[in-house]
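Here it is, the structure in full.
Predicted, not measured: the structure shown is a model, and the values here were computed from it.
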Amino acid sequence: MEETNRQRKIAGVLQEDLVDVLQRAAQDGMKGVIISVSKVSVTADLGVAKVYLSVFPSDKRDEIVDGVKSNTPLIRHEMAKRTRHQLRRMPELLFFGDDSLDYIEDIDKSLKGDDVDPIKNPDVLPRRQKR
């Protein structure tokens, strides 16, 4: 089902405010870590918002996403204060790590030839399962 105009607007409002909240928290506690909100999608009933976080450096992604998940009630409260004139009810926030930057980096590495060549070394390819 296609996203409605209202869902896109609410997702945009949430994304802007979440970026501000999370980057302010990152400035206070973690130096050298960049957190960005790559995508927010809201369900049709506007009850749940899925938030995808992109973290640099990527080796700290799981640790940061777990920390954000543990602080979800505080983040949701701060978001409700910020959006009180725009939203009646604050959606439940579900946080996920976004690994698209790693995927792009792997493709870039393969295109440059820095990756292992499967033609010269076929052992790097996954084996097919026999049925």
> Quick one: CG on Asn71 to CZ on Phe95, what's the gap to the nearest 0.5 Å?
Replying inline: 9.5 Å
> Can you get from Phe56 to Ile35 by hopping between Ile, Leu, Val, Met, Phe, Trp and Tyr side chains that sit under 4.5 Å apart?
Replying inline: no
> Rest of the hydrophobic cluster containing Leu74 (Ile/Leu/Val/Met/Phe/Trp/Tyr, side-chain heavy atoms under 4.5 Å)?
Replying inline: none
All N/O donor-acceptor pairs, side-chain side in residues 83-91, below 3.5 Å, sequence neighbours left out:
{"unit_1": "Thr83", "atom_1": "OG1", "unit_2": "Met79", "atom_2": "O", "d": "2.8"}
{"unit_1": "Arg84", "atom_1": "NH1", "unit_2": "Lys81", "atom_2": "O", "d": "2.9"}

> Under a single-linkage definition using a 4.5 Å side-chain heavy-atom cutoff for Ile, Leu, Val, Met, Phe, Trp and Tyr, are Ile34 and Leu53 assigned to the same hydrophobic cluster?
Replying inline: no
>> Per the salt bridge (Lys or Arg N to Asp or Glu O under 4.0 Å) rule, what does the pair list look like for residues 54-68, sequence neighbours excluded?
In response: Arg61-Asp102
> With sequence neighbours excluded, what pairs up with Glu92 under the side-chain contact (heavy atoms from CB on, under 4.5 Å) test?
Replying inline: Val48, Leu94
Which atom pairs, one a donor and one an acceptor, fall under 3.5 Å between side chains of residues 10-18 and the rest of the protein, sequence neighbours left out?
{"unit_1": "Gln15", "atom_1": "NE2", "unit_2": "Val37", "atom_2": "O", "d": "2.8"}

> Going from CD1 on Ile64 to OG on Ser54, what distance comes out if it is rounded to the nearest 0.5 angstrom?
Replying inline: 11.0 Å
>> Could you report the tightest heavy-atom contact between Ser70 and Pro73, atom names first, then the distance?
In response: O-CD, 4.1 Å
> Nearest heavy-atom pair of Leu93 and Thr72: which atoms, and what distance?
Replying inline: O-CG2, 3.7 Å
> Got a sec: does the CZ of Arg8 have more than 12 other heavy atoms crowding it under 6.0 Å?
Replying inline: yes
> Can you name the residues that form a ring-ring contact (aromatic ring centres under 6.0 Å, His included) with Tyr52, not counting sequence neighbours?
Replying inline: Phe96
>> For Ser100, give me all partners under side chain to side chain donor-acceptor pair (under 3.5 Å), at least two apart in sequence or on another chain.
In response: Asp98
>> My understanding is that only residues two or more places apart in sequence, or in another chain, count here; which of them pass side chain to side chain donor-acceptor pair (under 3.5 Å) with Asp108?
In response: none
> Of all residues at least two apart in sequence or in a different chain, which pass the side chain to side chain donor-acceptor pair (under 3.5 Å) check with Thr43?
Replying inline: Asp45
